[in-house]
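First comes the structure, then the notes that go with it.
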Amino acid sequence: LPHKAIDIPVEQGTLVRAPANGVVERVADNGYGYNYLIIKHLGGATVYGHLEAFTVAEGDAVQAGDVIGKSGGRPGSPGAGGLSTGPHLHLEVLVNGEHVDPLNYLPAL
């Protein structure tokens, strides 16, 4: 489905780390529904979807590299929701409230 994000294929339970310093704004644990987490950063925010577990709570300050949760997405698992077709991390990046291409903010391989 077209969406303003990228889906990164990773194994179920992969540790997800904060890309930069920020404050956890939202932890949405919907059981087997779509789970997500939002971190506010200076000038923007990052959104992580299909998390099977969270290691932070709303209001927590995080530093770059801190573990914030575990990836999910396997159909029928916690956090996957009804549309996921396999394990992955859904990633959105917002700058000044507008979605931008996350690939412009990921490190080059």
### Query
With a cut-off of 6.0 Å (strictly less than), are more than 12 heavy atoms of other residues, nucleotides or ligands near CG of Leu103?
yes
### Task
Answer with yes or no whether the hydrophobic clustering places Ile6 together with Leu37; edges join I, L, V, M, F, W, Y residues whose side-chain heavy atoms lie under 4.5 Å apart.
yes
### Task
Give, for atom OH of Tyr48 and atom CD1 of Ile8, the distance between the pair rounded to the nearest 0.5 Å.
9.5 Å
### Whether Thr55 side chain and Ile68 backbone form a donor-acceptor pair below 3.5 Å
yes
### Task
Indicate yes or no: at least one non-hydrogen side-chain atom of Val62 is less than 4.5 angstrom from one of Val24.
yes
### Message
If you compare all heavy atoms of Phe54 against all heavy atoms of Tyr36, which two are closest, and at what distance to 0.1 Å?
### Response
CE2-O, 3.5 Å
### Query
With distance as the sole test, does Ser71 use its side chain to make a donor-acceptor pair with the main-chain N or O of Thr14 at under 3.5 Å?
yes
### Task
Give a yes or no answer on whether the side chain of Asn21 reaches the backbone of Ala64 with a donor-acceptor pair at less than 3.5 Å.
yes
### Message
I need the Leu89 CG to Glu52 CD distance, nearest 0.5 Å.
### Response
11.5 Å
### Task
Answer with yes or no whether the hydrophobic clustering places Val23 together with Val93; edges join I, L, V, M, F, W, Y residues whose side-chain heavy atoms lie under 4.5 Å apart.
no
### Query
Does His90 reach the side chain of Tyr34, with side-chain heavy atoms less than 4.5 Å apart?
yes
### Query
Who pairs with Arg26 by salt bridge (Lys or Arg N to Asp or Glu O under 4.0 Å), at least two apart in sequence or on another chain?
Glu58
### Task
Would you check if His99 and Val95 make a side-chain contact, meaning some heavy-atom pair closer than 4.5 Å?
no
## Note on the structure
Taking every heavy atom of Asp101 against every heavy atom of Tyr105, the minimum-distance pair comes out as O-CD1, 3.5 Å
### Query
Under the ring-ring contact (aromatic ring centres under 6.0 Å, His included) test, which residues partner His88, sequence neighbours left out?
His50
### Query
Strictly by modelled atom types, are Gln12 and Ser77 linked by a side-chain donor-acceptor pair under 3.5 Å?
yes
